[in-house]
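One structure is given here, and the rest of the page talks about it.
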Amino acid sequence: MCGIGRGDSAMRVAGRKPNTLARLGEAIEVIRDLVEGREATVDGNPIRIPWIKDGKLPVWMAAYGPRALALAGEKADGFILQLADPFLTEWMVKAVRQAATDAGRDPDALTICVAAPAYVTADDSPAALAHARDQCRHGRADNPDTAFVPDEIVDRFCLLGPAEAHIAKLRRLKDLGVDQFAVYDMHDDREGTIDAYGTEIIPALG
């Protein structure tokens, strides 16, 4: 599987601008063609990997804005959404599937993946939830750029609270068409969160 996007964060850290959506769309086609054994044109040169005879590469694209969502529906095999807010998830999944339909593709053939920070607490006390928010406020504990992210956004975009809260939110997202979940586990209780997902949350989701 190939996960791909415009490279917003990575490119900016390197002091470069993110790629255009046109470049991203071209890259999806070139990467898929090369890995599946077909010839592709790269920088004006025809290239084919001779030892690949019959490959298959699903390409999943990360997207947020309307034009990027449309591109995902037109070209990608899967859509990666890096937040766990049900309201935005519903709107974005509909946009991607509509773009697939408009492009003559099967909208139900796209895999929908939600990826978000997760922190499992022992209870839903204010102190426990406050700690979980601070640990997940920007995807990584101790990130210097977190002051502008309010609690409301953290609650909407992340998976926080006791195991039953995670289960309820994940079930809601599943009902909106999400096929797969990925959790960001970059905080002070990585093992505890992994254990809770393995023993309580994943089994409850079937």
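D108 has its side chain within reach of R97: a pair of non-hydrogen atoms, C-beta onward, lies under 4.5 Å apart. You'll find the side chain of Q180 reaches within 4.5 Å of the side chain of W60, heavy atoms only. Residues L159 and Y197 meet the side-chain proximity criterion, which asks for heavy atoms closer than 4.5 Å. Contact of the P18 side chain with the R12 side chain is registered, since non-hydrogen atoms from C-beta on lie closer than 4.5 Å. The closest side-chain heavy-atom distance from N19 to L24 is not below 4.5 Å. Side-chain contact check for E36 versus K56: some heavy-atom pair is nearer than 4.5 Å. At a threshold of 4.5 Å between non-hydrogen side-chain atoms, the residues V96 and K94 do not count as touching.
The shortest non-hydrogen separation linking A128 to T121 is O-CG2, 3.7 Å. Between I4 and I31 the shortest heavy-atom distance is CD1-CD1, 3.9 Å. Residues V120 and D189 approach most closely at O-OD2, 4.1 Å, considering heavy atoms. Taking every heavy atom of both residues into account, P150 and R137 meet most closely at C-NH1, 3.7 Å. Nearest heavy atom pair, residue L160 against residue A165, reads O-CB, 3.7 Å. In this structure, A40 and D33 approach most closely via the heavy-atom pair CB-CB, 4.0 Å.
One distance of note links CG of D155 with CD of E152; it measures 8.0 Å at 0.5 Å rounding. For the atom pair I80 CD1 and I112 CD1, the distance stands at 10.5 Å (nearest 0.5 Å). With rounding to the nearest 0.5 angstrom, the CD atom of Q135 is 10.5 Å from the CG atom of D185. To the nearest 0.5 Å, the span separating OG1 on T89 from CZ on F79 amounts to 8.0 Å.
Ionic pairing of R32 and E29 is not present here: no N-O contact between side-chain nitrogen and carboxylate oxygen is shorter than 4.0 angstrom. Comment: D175 does not engage R172 in a salt bridge, judged by the lack of any side-chain N to carboxylate O separation of less than 4.0 angstrom.
With hydrogens and angles disregarded, a donor-acceptor distance shorter than 3.5 Å links the side chain of K169 to the backbone of R156. Distance alone, capped at 3.5 Å, is enough to place a donor-acceptor pair between the R105 side chain and the G73 backbone. Looking only at distances, a side-chain donor or acceptor of R48 sits under 3.5 Å from a matching main-chain atom of G37. Between the side chain of D85 and the main chain of F157, no donor-acceptor pair closer than 3.5 Å is present.
The cluster map of Ile, Leu, Val, Met, Phe, Trp and Tyr, joined by side-chain heavy atoms under 4.5 Å apart, puts M61 and L88 in different clusters. The hydrophobic cluster containing I194 does not contain L170, counting ILVMFWY residues as joined when their side-chain heavy atoms lie under 4.5 angstrom apart, directly or transitively. Note on L173: it clusters hydrophobically with L83, by side-chain heavy-atom contacts below 4.5 Å among ILVMFWY residues. Under the 4.5 Å side-chain heavy-atom criterion for Ile, Leu, Val, Met, Phe, Trp and Tyr, V93 and L71 are members of distinct hydrophobic clusters. Residues L110 and V178 share a single hydrophobic cluster, defined by chaining ILVMFWY side chains whose heavy atoms lie under 4.5 Å apart.
Shown are D134, T193, D188; of these, the side-chain hydrogen bond (donor to acceptor under 3.5 Å, both in side chains) with Y119 is made only by D188.
Residue-environment remark: CZ (R67) stays at or below the threshold of 12 foreign heavy atoms within 6.0 Å.
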